[in-house]
Amino acid sequence: MANEILTVDGLKAYYQMNYYGVQREVRAVDDITMSIKRNEVYGIAGESSSGKTSFIKVLAAAMRPPFRVVAGSVKYDFKGHPIDVATASDKQIEAVRWKHLSYIMQGSMSVLNPVRRIGKTFEDFAAKPLGLSGDAFKQRVIGHLDRLKLSPDVLRAYPHELSGGMRQRVTIGLATVCHPEFIIADEPTTALDVVVQKEVLSLIRDIQKEMGASVVFVTHDMSVHANVADRVGIIYAGRLVEEGPTREMFFAPKHPYTAHLVASLPRIGDTAQRPALEGRPPSLASPPAGCRFHPRCPLAVDKCKTEVPPMETVGKDHRTACWRWKDVEPLVAPHASHGVMV
Amino acid sequence: MHSYLWFVGKRILQLLAVIFCGVSATFLVTHLSPIDPVEQVLGRLSARSNLSPEAIASTRAALTELYGTGQPIVTQYFNFWMRLLRGDLGPSLLAFPTPSMELVARALPWTLGLLTTSTLITFIIGNLFGALAGYNPDNRFFQAFGIVAIAVQPIPYYVVAFILLVIFGFLWPVLPISGGFAMDVRPGLTLTYIGSILQHSILPALSLVLVGFGGWFLGMRALVSNIVNDDYVTYAELGGVSRRTIVDAYVIRNAMVPQLTALAMALGGVFSGTVITEQVFNYPGIGSLLIDGVNYGDYSLVLAVSTVSITAVALAIFIVDLLHPLLDPRVRTE
Amino acid sequence: MDRRSFMMGTAVSALLLASKGLAFAQEAEGVAPDLAQFPRNETVIVHNPEGIIRNPGWFNPWVVGAGNGTSNGLHQLTTDTLWLIDPDAGVAGASENAIYNSLADDLWQYNEDFTEMTVKLKQGITWSDGVDFTADDVVYTVEKQKATPGTPFNGAFTAQVASVEATDPYTVHFKLNASNSRFHTLFSVRWTGAWIMPKHVFEKVEDILSFDNNPPVSLGPYTLHSFDPNGTWYIWEKRADWEKTALGMVGEPKPRFIIYRNNMSPDNRLIEMRNGNLDMVHDLTPEATFSVVAQDPQIKGWFPGFPYAHPDPTLVMAIFNHQNPKFQDKRVRWALTLMLDARAMSMASYRGAATLSAISVPPTGTHPRDYHGPLQEFLTNYEIDTGTSKVKPYDPDIGLQIAEMVRPQFGEAVPSDETAIRNAFGYGWWKQNIPAAEELLTAAGFTKNGNQWMQPDGQPFTFSVMVPTDGVVNRLGSIIAQTWAQNGVQAEVEAASDTWDRQRVGNYEVNIAWAVETWGGHPDLSFFLDSYHSAYVVEPGASQPDRNWMRWKDPRLDEIIEKIRGIDFNDPKGIEYGTDFVKLHLEEMPNIPIMAYNVFSLQSTRYWTGWPNAENNYANPVTNWSNGRYIFTQITPAAGA
Amino acid sequence: MSTLLDINNVSKQFTMGGLLSRKLVNAVEGASFSLSVEKPEIFTIIGESGSGKTTLARMILGLELPSNGTISFRGKTVSAKVSRAERLEFMANVQPVFQNPFEAFNPLKRIDRYLESTARRFLKLRDRSELDRAMDGALQKVGLSLAEVKGRYPHEMSGGQLQRAAIARALIPSPPLLIADEPVSMVDASLRMSIVNLLKSLRDDLKVSVIYITHDLATAYYISNRIIIMQRGRIVEMGDARTVLDNPEHPYSRLLKASVLSTEDAGDGKLATDREMVSRANGLVGVAGRLVDRPDGRSVRVYEGAS
Amino acid sequence: MFAVFRDLIRYNLEFTIGLILVGFVVIFAALSFFSPVDPTLIYMTIPDQPPSGQYWFGTNSRGQDLFWQLSAAFKNSLIFGITVAVLSRIISIAVGLLSGYAGGWVDRVLMFINDIFVAVPIFPILVLFYFVLRNSLDSFTLALIMACFGWPFDARLIRSVALGLKHREFTRHAVFAGMSTSKVLLEEHLPYVMPIVFATFMNNMLWSIGLEVTMAVLGFTNLNNPTIGTVLYWANSHSAMMVGVWWWILIPVVLIVITFIGLFLLAMSMNEYIDPRSRLRRMGA
């Protein structure tokens, strides 16, 4: 069995729309090749409308017209169930859902049926893949909830009766109760307060460790990636521009965009003027030629405007797509904090 | 529980206010009527018999005293509320001296029965089909069904009732077309009697169902086609939840919340359909009573029917509202 | 309990409760029938036009406005009074001059100056509970109603009767307050009248005004079998001792059961008759009649062919409000008359099935013999002076023309014999004569501005024509208003559901209704004419006593009325005075007589035969008239039914 | 030194539920602080959701009335229940900047419409060229120009431009005070710094005071002069931003700081939270305590009898 | 505006069909302005003629050419329906937007009144008005009364949208840009409730025309004024169906169905078009 659980190859997935004669093709995912290892947390970062959400929709096999895969493959190597979700039938996908592949959707309030008790929702999702029913199922769920520090009482509650943090833990519970091999988590902590956010993140991390699952973790917040991900991939304008081990990404980025993202993080104890990246991400309907980052890139040269940089391996598990990666300077040094922790 | 009590309390207050306002408006509107009930009765009396002028004068005096129409309107209004609280709206002119309330009480069960059954059937079938059509937007059967629903919806009650009358009374006379039950049936709690009532209610109810159905169907279809795009439905689909459960517990259950509100709001409207239906099928309900009352200038009766129908509709809305927290847990802890 | 089962349970129990409530409501009211079947060869089913009976358990007709059914069999089958007068010829041998001696053994006997009346009663009549009918019942009826305001004849008896006594068990003697040669008409039923009360029942009742008299003790050959607590049907059953009733003495009523059904919409009537669930229908639209008699050969009308309808002894007219200054000049009234087109009116209202009358007497019953025939010559020579010229407006052959107009559509069904045509279509009417009408208006000071007539004061001549919301009278009024409008008079039709109330208080300009109504089978005109006396005309806005809706006042009219009051009911001079009235009416034209109010009463011969019709005109077939009782003695089950 | 804004012992209570289950929620309790005219500063209010920071902001803007205490701006009590003229005059002095730049303008309307309305209302300008000049001037202050904005719809501009345009609109009447309610919580990292830097330059270059409401300690540290930390309606710690954040004293302040995800040891996955720290911070909720001044200039809420 | 039309016709089949159907009926109704006969006159032609080359829609038992009769009836009924719909839309927009935006006691009072109007069944009220006004109850008065009862449900829908809009940040921006409340409501919020207004406009027309038919069939309106209801009334009073004059009922019913299918399709497709979300997509957001 190969070490990669997911292999994405040359994936292109577009929104193809027609509004009263206005033809639009939004290239939300444009030629992404990457892979994810077993027992790995892979963070995907990018600005809003960079295509990161579209990308994980494909990973989760949640495409709906007008969004469709145009080219490439998305191959999972589940135990006994190898599958390419880009081409698989609904029935085949049905067979791996929740048992092998689960999904934590953005917005804990809206993903739970507001008129159904949490316990019922667990039954709906997990009873069949687990092959359990009645008390055995209930015991299993209660046991799992206990791991998430949730009391069995939540099973009788309705979503609106729970706090945001609890709801988020419930959705994590829901996604992990069947011990899937692969979990896709889309901004699971975005709306949470800092204290709760930290708790939830640590929970996800712990559960992942315990189950040995692979997790794709999507957020625009680099500081979350810093603490959760083993590897981080940066998506810009529908393309993967750099991926690498977390520490390297923060302290030795090989793409100017990554360097900027890291640099723009303010830190307590540091009041030095921080640069802001001007401009806006390009429209996915009409991206610029060449390197898509070139209009905002301080290092851009003429070549960047015409030729698309290829993905180059620049270190162990570290790849980047930049003509001038060698000139990228880390903007932040890994030094100790000024603050004194009490 | 506390909040549910508060919810009920608020609804009761609202119910009382609605009844008070509606009934007062009814009183005002009717008492501004130029129709003099005394002259109405005299007119009917003498239309077919040979009365002398003296006789007419003395009868008029007697009737004026009896109906209390000589008093100022404020006194009449006050007396009206006093009487209403005792459940007595005075004698009907149309069926003097029977209390108008008695006439209403006799007619009301028929209308209520007809409305309750037809509304329930309409609501359930319309919503079920609407939900399935909304969840399967590409299904040809439901698409065709939608077109039929849109086409039937604007046909006036009268025409639908009448077509049913012609089909099932004339071309293929298999169903009774008039009355509440058959002449050779003994009223009572017997199967024959209830069977006869049901048999006689098929056509009137069917006419209401046919017309009312489309609205629920279309409303539900629109609601469902929105709900299927909601995150929790998408998520359930991604979670491999069975289709049946999704339609049932995710889609329909959530769509029922606004549909229930719509039901409460629609209750006042179905009344107009029963009036026509009762006329066409000679059904002894409250709608034809109202029409008779209007044509006879019987304002006691018109008041009684309006008062009772306003109260009944308000009560029905109240009951539907009480069901709300059962359907929507969010209301319970509001 | 989870929510789903709770909701289902609630729904089911609500349904159960509703049906249970319904069942109990009925149980409390209902009278359980003994039989489950009513064999059609023993049962007649009659349509009653009264609509749903809102007080179905009420059988006391001696209370004003009780809202109970009257024509549901109650006044056809259970009540009786001294005489009945048929609007048609009456059963031969049992009536004379259409007058039946019912409870009375003979006609009324007045003293010289009509201040006292003596009545001999039949012997051997019993109430349905076995008690003998006697003079005491009649005396009780008069005295009790005299003493009880709220009874229908309280006013009449108080005003007219000084005293009443039973001189022996079968003789009643009335002393009147004033001379009155028509006092007996209170006890003479043409449609309804002073029904005799069962003294032995009512004297035990403390307050007869709140007594429902359920079940009614019957003086007729039928008793109540059962009725719908919702007021849509009544079933009556023949008494075992039916021969001990006044009707039984005329002949045996054949049906064992008579069912009256109420609240039948016209389409329901048609369907139920076609389906064999109705034997007698009160009225249909002209169109429905033509279609049903064409489809079902067993269904018959009054006339064997066109126009089928039975002419009521009522006369539909265009009634001018004489208290309105617009209509106070008889030249204007005549001008409006001459603008009308009889053929258009006949076609629009009845599709040609109208029986026209140019004079103020309905062309029905025995009236053509007494009035229309004898007056033909007078009418043909009748001349009016328009101020410019003299015209003879009468057209005696207009009925023949209408018959020719409808013949292409109805063919054989239209009679070809001239007398038959005159009886069916009328004896003639006024020719439409626009020039004469214009001359009359000009003479009255009107001027024409374009196509619009202006009144003498310079205002346009405009008024509304009030009609009921439905039926032939509505159609008639529409065409009348339209014809006037086309000739420069701005008449607008106004359909109202309260025409009866408005005409009573004079709240109209021109009204289409009947202001003339007669006994039908008897030439006496007092039935309506007495109320035309100027003494009864009231101020605008006040309630006008019956029939003189136009509030017409004329000393010559009063004189005729007083002359009639001074002679006996059967005095041949009555026709002479009646003719005087017709001529006075022609001169003044206070309202425009148009046509009889024809009613499309139909009978099915599927189960019963022997119905009255134009050839065998022994009774009025209109189902809600009390006189209809005689029909049940004349019909027989159809062979094979 | 004259006072620009004075918050004096302000409390706000909300009624939750109805008559039968009436529950009073103290959104803000006894908040006091003031800003001076002479010294423009960025004054930061920090707290998590439910801490009352947004309620406080709404009261300052006059969108809510305090249940107790007074808020006065230049000596005048702030309230929405005044004449339209007075209200307009207040708005000319205090303007808001909101959370989501993509929501700042009606997506169906052109952006300049808001700028123009502001100029017309508060500067009483009628003339086309004067209006344009005022709008352009304000846009220049935030690094934009009227030419870039005029006739454009919100979706035609980037988040940063939108947020700048929103701030430019607020700057048109030259208000001495801006209320910025979580202006960066909904934006991407690359945009965040440009907004924060802009706020900083407003203070430094235009001498505008800003009340900056946020839950992000890092940006607060980066730009604030003074901060207050709020927990469940109460101010628990207040003082110079650096002093407080470098070395927080109140247990809740410490918890907040400890919960900030550090990037300094990126990739190490250190996420454990000190349980005891959490319970200490939460244990103080609902206890009144009182604010005590410390020698280093900060005030901290202390609780007699509680450890 | 023209471009909008062109786009809709070109790219939206539903809109095109709806436009054809409604256009057909509207043109048919508008023909009544050129009617050679006065539709209130009776016996102007041979009665009971089935549809033919001479009488396209046949003639009725009152001797009227049904083509011109129905043309006038549809004109009057459509005007009636539009009057009710426009008036009640105005009320529901005003109440809904104000209630949602103002909140507090204004909202409570308005919604309380709203709830009363919802709970009072309209039909008995209309009958009561007829009972009192009798013949003075002309179609405009009837339309006014119906408009007074036709708004509450839609006002609630609008309010729920307005509640959401109230908390959108651009609303607060508009306020702090010095815009008056009416400006905020009419210029900022109104576009967002237009889809509801459009959809309910059609429903409201259907409802009001249906009620008018009910009133007319019972004889409670001015029967001389040709409307869909009075056409059916007269057909009924002449037993049209039973005696085989089927075209007197069938043709108006087919026309009603055509009208409302057309309106439904128009409302649906227009809705999608004016929906701010799809508008934004078209604008390229």
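Letters go in sequence order (proteins before strands), and every chain restarts at 1.
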Self-check item: Over 12 foreign heavy atoms within 6.0 Å of CZ, Arg68(A)
Solution: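 Yes, the 6.0 Å shell around CZ holds more than 12 heavy atoms from other groups.
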
Exercise. Taking atom CG of Asp90(A) as the centre, report whether more than 12 heavy atoms of other residues, nucleotides or ligands fall under 6.0 Å from it.
Key: no

Looking at the rings of [X] and [Y], which for Trp means the six-membered one, are their centres under 6.0 Å apart?
X: Phe129(B); Y: Phe217(B); result: no
X: Tyr42(A); Y: Phe217(A); result: no
X: Tyr235(B); Y: Tyr250(B); result: no

Quiz prompt | Reference residue Ile184(A); test side chain to side chain contact (heavy atoms under 4.5 Å, CB included); the match among Ile56(A), Ile104(A), Val215(A) | solution = Ile56(A)

Practice problem: Report, by ascending residue number, the residues of residues 124-140 of chain A in heavy-atom contact with chain B at a distance under 4.5 Å; give 'none' if the set is empty. | Solution: Asp124(A), Phe125(A), Lys128(A)

Self-check item: Top contributor to chain A contacts, counting heavy-atom pairs under 4.5 Å, from Val233(B), Leu238(B), Val241(B), Thr234(B)
Solution: Leu238(B)

Quiz item: For Ala60(A), is it the side chain, the backbone, both or neither that has a heavy atom under 4.5 Å from a heavy atom of chain B?
Solution: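 Just the backbone, heavy atoms under 4.5 Å.
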
Quiz prompt | Proximal component of Ile93(A), with respect to chain B [non-hydrogen, under 4.5 Å] | solution = neither

Quiz item: Can you tell which of Lys99(A), Glu94(A), Glu123(A), Arg64(A) has the highest number of heavy-atom pairs within less than 4.5 Å of chain B?
Solution: Arg64(A)

Practice problem: Evaluate the ring planes of His144(A) and His179(A), with Trp represented by its six-membered ring, and classify them as parallel (under 30°), tilted (30 to 60°) or perpendicular (over 60°). | Solution: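 Judged by the thresholds at 30° and 60°, the geometry between His144(A) and His179(A) is tilted.
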
Quiz prompt | Heavy-atom closest pair, residues Asp84(A) and Ser73(A) | solution = OD2-CB, 3.3 Å

